[in-house]
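Notes for the one structure printed next.
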Amino acid sequence: MNNHSVSRSLSKILISESDIQLRLKSMGQEIIQYSKSAGIDELTVISITNGSIVFTADLIRQIDLPLKLDCIRISSYQSSCSAVTEPKVIHTIRLDIQGKHILLLDDILDTGKTLRCVKDLLNALNPASLKVAVLLDKKERREVKMEADFVGFNIPNEFVVGYGLDFAEYYRNLPCIGILAKELQPQK
Ligand code: 5GP
Ligand code: MG
């Protein structure tokens, strides 16, 4: 059996598939309410791939507003459980976001370096507004000043996989979020 088979990879399921879907419904409502109260009638969603692909696909279907979607690709993690390099833009966006209302999506807010870097980069393109939504927030790991406007779940300081989040590019297809079994994590 492949070492990365799902059944023996997780030490614990942290957030179930149904809890994720329930929370995304309410997050969608929070984003709609905020947009209405701010007079925003169209959003430009920027998704940080690859990690946010699954989160983005499910969340945007809970946002009943006209929206455009674009992706930005950043790399900072290699096959390790901790950041080994500073965030680097690999593919940037194609939409013109000047004067647009941006909703920036990432899977997880950890040290904050990735979102800080992408937020600064997008702000330099003069959007009308920029809000950040993350599925997961590991507050105790923060190294730079960065908070999200919308947070799905606050989680403890554990390396998680599933629902878009990978380890060595595996596990993105798990429908839930789980803690990667210790014996599969690389020795630090
Ligand atoms: P930050 O720049 O905030 O430290 O990290 C953000 C990125 O690191 C996320 O988009 C994600 O790709 C990766 N990351 C941080 N924590 C985890 C984790 O627990 N599991 C996985 N799979 N990726 C993580
Ligand atoms: Mg990521």
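Indexing begins at 1, ligand by ligand and atom by atom, following the structure's order.
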Exercise. So does Asp149 have more than 12 non-hydrogen atoms from other groups sitting under 6.0 Å from CG?
Worked result: yes
Exercise. With a 4.0 Å cut-off on heavy atoms, is Phe167 touching ligand 1?
Worked result: no
Side-chain donor or acceptor of [X] paired with backbone N/O of [Y] under 3.5 Å:
| X | Y | result |
| --- | --- | --- |
| Arg73 | His91 | no |
| Arg142 | Asp110 | yes |
| Thr111 | Lys113 | yes |
| Arg23 | Val151 | yes |
| Lys68 | Val45 | no |
| Ser52 | Asp107 | yes |

Which of the atoms of ligand 1 are close to [X], meaning less than 4.0 Å from one of its heavy atoms?
| X | answer |
| --- | --- |
| Glu158 | 19 (O) |
| Asp166 | 21 (C), 22 (N) |
| Gly112 | 1 (P), 3 (O), 4 (O) |
| Thr111 | 1 (P), 2 (O), 3 (O), 4 (O) |
| Asp107 | 9 (C), 10 (O), 11 (C), 12 (O) |

Side chain or backbone of [X] under 4.0 Å from ligand 1, or both, or neither, by non-hydrogen atoms?
| X | answer |
| --- | --- |
| Lys138 | side chain |
| Leu115 | neither |
| Asp106 | side chain |

Exercise. Val160 to ligand 1: N or O pair under 3.5 Å?
Worked result: yes
